[in-house]
2 protein chains.
Amino acid sequence: MTFGEYIREIREEKQLLLREVASQMNIDTALLSKIERGTRMARKEQAEALAKVLKQNKNELLQFWMADKIVFMLKDEKNSTEILKIVEQKINRLSKK
Amino acid sequence: MTFGEYIREIREEKQLLLREVASQMNIDTALLSKIERGTRMARKEQAEALAKVLKQNKNELLQFWMADKIVFMLKDEKNSTEILKIVEQKINRLSKK
DNA sequence: CTTACATTAGACAAATATTGACAAGTCAAA
DNA sequence: TTTGACTTGTCAATATTTGTCTAATGTAAG
C-alpha cells in the first residue's frame with residue numbers, strides 16, 4: 001500500500017471529502033487528489049499537514065511517507081534487494097558512530 | 001565508505017589525475033573533485049562513465065551509487081532502521097507480483 | 001623563495017524539475 | 001439535466017541542480 005492509498009483509506013473512513021481535507025491543508029483539491037492517487041508526491045509539510053488533519057501520528061506518517069519515496073527510487077531497479085542490503089550496512093555503520 | 005571515497009580510492013590506485021578522469025568523462029575537473037568529496041552527487045550517466053573510465057563493473061558501481069543516494073536521504077532520520085524495514089516489506093511485496 | 005601543477009572553493013548562469021493553481025473533463029446519484 | 005465529488009491536462013512560477021569559470025589553496029621540486 002502506497003502513502004497515497006493509505007491516506008485515502010483514512011480519509012474515507014472518516015468520511016471526509018477531498019475538498020474538506022485539501023482546504024484544511026491550504027492546497028487545491030486537485031493536488032490532494034493527485035497525491036492520493038500517487039501521480040504527485042506530497043511534500044514533507046503536506047505529509048505533516050495530513051497527519052494533523054487526519055489525526056494520525058505525525059512521525060509514523062512521515063516514516064511511511066519517506067519509505068514511499070525510497071520505494072519509488074527503487075521500483076525500477078532489478079537489484080533493489082541487493083541495494084537495500086548495502087544501505088543497511090552503511091546505516092548500521094553510521095549509527096554506531 | 002561513500003561512493004565518492006570509493007572512486008577516489010580507485011582513481012588513486014590507478015594513479016590517475018582528476019584532470020585525466022574528468023576529461024574522459026567530459027566534465028570539469030572541479031566537478032569530479034566535488035563528486036569525490038561528496039559535495040556534489042554524481043548523476044547516473046556520470047556514475048556509468050566512471051565505471052567505464054575506471055574499468056569497474058557498471059552494475060556494481062551503479063548499485064553503490066544508488067545506495068549512496070538512499071543513505072543520503074536517510075542520514076538525518078532518527079528512525080532510519082524502522083523506515084528501511086517498511087521499505088523492505090514494500091519491495092518484497094512488489095517483487096512477488 | 002619561486003615555479004609548476006593538482007586540487008578545491010565559491011559564485012554564477014543555464015538547464016531541469018517541482019510545485020500549485022486553474023479550467024475543463026469524467027462519473028455517479030438524484 | 002443538474003449537482004457535487006473527483007480527476008486530468010496544462011501552464012507559469014518557483015526552486016533545485018548542474019556544469020563551468022575564476023580564484024584560491026596545497027604541494028613538491030628546483
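Order of the sequence lines fixes the chain letters, A, B, ..., with proteins taken first and strands second; residue numbering starts at 1 for each chain. The basis for the numbers below is simple: all heavy atoms, side chains too, and nothing from hydrogens, waters or symmetry mates.
Sparse packing is recorded around NZ of B/K44, with 12 or fewer heavy atoms of other residues, nucleotides or ligands lying under 6.0 Å away. Within a 6.0 Å radius of CD in A/Q15, other residues, nucleotides and ligands contribute 12 heavy atoms or fewer.
For the pair A/E20 CD and D/dC6 C1', the interatomic distance rounds to 13 Å; values are reported in whole Å. Atom C1' of nucleotide C/dT8 and atom CD of B/E36 are separated by 12 Å, given to the nearest angstrom.
With contacts defined as side-chain heavy-atom distances shorter than 4.5 Å, the pair A/M66/B/L74 qualifies. Residues B/R11 and B/E36 are in side-chain contact: their nearest non-hydrogen atoms beyond the backbone lie under 4.5 Å apart.
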All N/O pairs under 3.5 Å across the protein-nucleotides 24-30 of chain D interface:
none

Enumerate the protein-to-nucleotides 16-23 of chain C contacts in which both atoms are nitrogen or oxygen and the separation is below 3.5 Å.
from, atom 1, to, atom 2, distance (Å)
C/dT19, O3', A/R43, NH1, 3.4
C/dG20, OP1, A/R43, NH1, 3.3
C/dG20, OP1, A/Q46, NE2, 3.2
C/dG20, OP2, A/Q46, NE2, 2.7
C/dG20, N7, A/R40, NH1, 2.7
C/dG20, N7, A/R40, NH2, 3.4
C/dG20, O6, A/R40, NH2, 2.7
C/dA21, OP2, A/D28, N, 3.1
C/dA21, N6, A/K34, NZ, 3.1

Write out a two-atom table: protein N or O, nucleotide N or O from nucleotides 3-7 of chain C, distance below 3.5 Å.
from, atom 1, to, atom 2, distance (Å)
C/dA6, OP1, B/R19, NH2, 2.5
C/dA6, OP2, B/R19, NE, 3.0
C/dA6, OP2, B/R19, NH2, 2.9
C/dT7, OP1, B/R11, NH1, 3.2
C/dT7, OP2, B/L18, N, 2.8

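Under a 3.5 Å cut-off, the side chain of B/E9 and the backbone N or O of B/I7 do not form any donor-acceptor pair. No donor-acceptor pair under 3.5 Å is formed between the side chain of B/K58 and the backbone N or O of B/K52. For the pair A/Q46 (side chain) and A/R43 (backbone), a donor-acceptor distance under 3.5 Å is present. Side-chain atoms of B/N79 do not come within 3.5 Å of backbone N or O of B/E82 as any donor-acceptor pair.
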* Can you check side chain to side chain contact (heavy atoms under 4.5 Å, CB included) on A/D68 and A/Y6, steps first, answer last? -> CA-CA 11 Å; A/D68 228 47; A/Y6 183 60; over 6 Å; no
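At least one test fails for A/K69 against the ring of A/F72: distance under 6.0 Å to the centre or angle within 45° of the axis.
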